[in-house]
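Counting begins at 1 with the first residue of the sequence. Only heavy atoms go into these numbers, but all of them, side chains included; no hydrogens, no water, no symmetry mates. In each ligand, atom 1 is the first atom listed, and ligand 1 is the first ligand listed.
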Amino acid sequence: MIENNRFFDFLVSHAKNYGFIFPSSEIYGGINAVYDYGQYGVELKNNIKKYWWKSMTQLHENIIGIDSSILMHSDIWKASGHVNKFNELLIDNKDSKKRYKPDFLIKEYVERKFTKNSKKKKEILFRLSKSLEKKDFLDIKTIIEELNILDPICKTNNWTKIRYFNMMFKIENEKDLYLRPETAQGIFSNFHNVKKSNRMKIPFGIAQIGKSFRNEFFARKFIFRMREFEQMEMQFFILPEEENKWYEYWKKIRLKWHLMLNLGIKKYKLYQHKHLAHYASAGTDIEFNFPFGFKEIEGIHSRKDFDLKNHELFSGKKLRVYETKKNYIPYVIETSLGLDRIFLAILASSLKEEKLENGSVRTVLKIPYCLSPIKAAIFPLVKKKGIPEIAKKIFNDIKINHRLIYDQKESIGKLYRRQDAIGTPLCFTVDYKTIETDTVTVRYRDTMEQKRIHVKEISKIIEQKTGLINILKKLSRFI
Ligand code: GAP
């Protein structure tokens with residue numbers, strides 16, 4: 001059985017061996033913090049997107065979706081504050097040429113050197129937090145020098161000055177052109193187009209799924225923090241006086257969305273931000289208990305009129321509304337979920353090793369049925385007596401309705417194990433009895449229970465057990 005300290009490595013290798021996630025450009029030695037989604041990964045990702053998209057746009061009649069471009073006018077990033085404020089504090093070591101977060105270096109050092117309640121440790125951390133607050137980078141560097149903190153790789157203290165680095169990817173040879181670091185700005189810049197073309201009235205929302213890019217100097221933990229990732233964001237435009245009401249509403253609805261997946265209520269925590277992003281006036285993270293602890297999976301922010309007001313200023317175009325005899329710039333509540341992070345949360349919560357009655361161990365991915373990459377597998381029990389032909393006909397008849405697999409490459413026991421490992425909820429096996437009775441066995445992934453059913457029932461069972469409709473119905477009760 002998987003020990004806790006081995007679990008994360010086990011997860012990463014399972015994801016690779018079974019076609020969920022591959023390191024990008026692996027044949028050339030890979031590229032830091034970039035991953036590719038394989039054949040089952042992309043199916044799972046698409047199903048998560050479908051669940052989010054339908055929850056947002058189909059269940060809320062006042063939310064519509066768009067798909068804006070990754071490249072945008074350079075003034076967008078000036079107006080949004082990303083050019084000046086989307087920075088990380090960094091220090092370089094001149095010998096190793098490696099880059100570090102100075103506050104992390106100090107925290108890591110004191111954790112290692114001092115006991116939990118040490119007075120000296122508390123003094124250093126207090127001084128660090130004051131210097132961070134005052135942006136006194138000189139003092140932060142002095143702390144590093146006084147403690148003689150060495151580069152973990154080359155073990156020297158040959159440090160540069162502490163500086164801010166912008167996290168946007170700049171496009172070379174194109175003046176001020178960037179890859180977008182959030183999808184939200186494509187929504188703000190289309191606010192007027194969407195409102196006008198669809199005759200929207202406040203309150204209304206615009207949803208979008210798409211790639212974002214950040215030069216994460218400290219990308220790590222598999223797909224948790226990447227340089228190219230996907231976001232599912234929704235900006236909800238409201239009357240300023242209704243800020244609190246909608247902020248609370250979206251916190252509640254977004255948490256419900258997660259809980260519907262049944263990954264376990266104890267795996268979630270809400271964290272109210274004390275240090276806010278430059279655009280936000282209030283922020284709550286939905287945190288998930290990943291294999292490396294509770295970390296942000298989704299952010300819900302009140303952005304007030306920060307973005308629309310600045311876009312008015314920079315573009316010279318009016319982005320205000322005139323409704324109910326009021327002329328105003330709407331406030332915005334934003335929900336922003338990282339697609340790769342929810343993918344990782346699902347994968348990590350679903351991967352299990354189970355000891356069976358006969359003493360053997362099975363690896364099973366207990367992915368929520370409605371998100372599983374493959375909904376059902378169809379097998380022939382043996383490769384004779386026309387059984388494969390019957391199984392293939394069943395597969396061909398219903399493949400148009402569901403994402404299925406037909407497989408006859410191994411013995412039935414091995415075929416079941418393979419489907420368990422990729423999370424397929426249902427397996428249908430055609431055997432000798434099928435020839436006489438038009439019945440097959442259905443095997444359920446989680447319980448391994450088997451039942452005999454009529455061939456005509458297969459499609460209905462797949463729809464009932466794996467369709468998105470069940471989860472959407474449950475969620476719609478809260479909307
Ligand atoms: N528009 C608001 C915004 O972008 P954020 O908190 O910076 O806010 C929102 O990002 C979500 O995007 C996060 O909660 C996280 O799930 C995901 N995310 C952010 N940076 C990421 C990265 N480097 N890799 C993977 N996901 C990331």
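Here the protein heavy atom with the shortest distance to atom 17 (C) of ligand 1 is Gly338 CA, 3.7 Å. Nearest non-hydrogen protein atom to atom 8 (O) of ligand 1 is Tyr279 OH, 3.3 Å. In this structure, the protein non-hydrogen atom closest to atom 24 (N) of ligand 1 is Met226 N, 2.9 Å. Here the heavy atom of the protein found nearest to atom 2 (C) of ligand 1 is Glu334 OE1, 3.0 Å. The closest protein non-hydrogen atom to atom 9 (C) of ligand 1 is Ser336 OG, 3.0 Å. Summary of contacts: the protein heavy atom closest to atom 25 (C) of ligand 1 is Phe224 O, 3.2 Å. Scanning the protein for heavy atoms near atom 15 (C) of ligand 1, the closest one is Arg341 NH1, 3.5 Å. Looking only at protein heavy atoms, the nearest one to atom 12 (O) of ligand 1 is Gln231 NE2, 3.3 Å.
The closest non-hydrogen atom to atom 5 (P) of ligand 1, taken over Arg214, Glu298, Glu182, comes from Arg214.
For ligand 1, the polar-atom distance check finds no N/O of Phe229 at less than 3.5 Å from any of the ligand's N/O atoms.
Checked by atom type, the side-chain pair Ser68/Gln208 shows a donor-acceptor distance below 3.5 Å.
Note: Phe343 and Tyr37 meet the aromatic proximity criterion, with ring centroids under 6.0 Å apart. Centroid-to-centroid, the aromatic rings of Tyr51 and Trp257 come within less than 6.0 Å. Taking the ring centroids of Tyr35 and Phe222, they lie under the 6.0 Å cut-off.
In this structure, Lys295 forms no cation-pi arrangement with Phe290, as its terminal cationic atom is not both closer than 6.0 Å to the ring centre and no more than 45° off the ring axis.
The shortest separation from a heavy atom of His273 to ligand 1 is not under 4.0 Å, leaving the residue out of contact. Heavy-atom distances between Ile297 and ligand 1 reach below 4.0 Å in at least one pair. The closest approach between any non-hydrogen atom of His301 and ligand 1 is below 4.0 Å.
Here the rule is salt bridge (charged side-chain N to carboxylate O under 4.0 Å, His left out) with Asp92, and of Arg99, Lys97, Lys141 only Arg99 fits it. Looking at Trp250, Phe236, Phe204, Trp53 one by one, the single match for ring-ring contact (aromatic ring centres under 6.0 Å, His included) with His60 turns out to be Trp250.
Here Glu233 does not pair with Arg303 in a salt bridge; the nearest charged N to carboxylate O distance is not below 4.0 Å.
Close contacts of ligand 1 with Gly299, meaning ligand atoms under 4.0 Å from a residue heavy atom, involve 14 (O).
By the 30° and 60° cut-offs, the orientation of the rings of His258 relative to Tyr268 is tilted.
The part of Arg303 lying near ligand 1 is the side chain, judged by heavy-atom distances below 4.0 Å.
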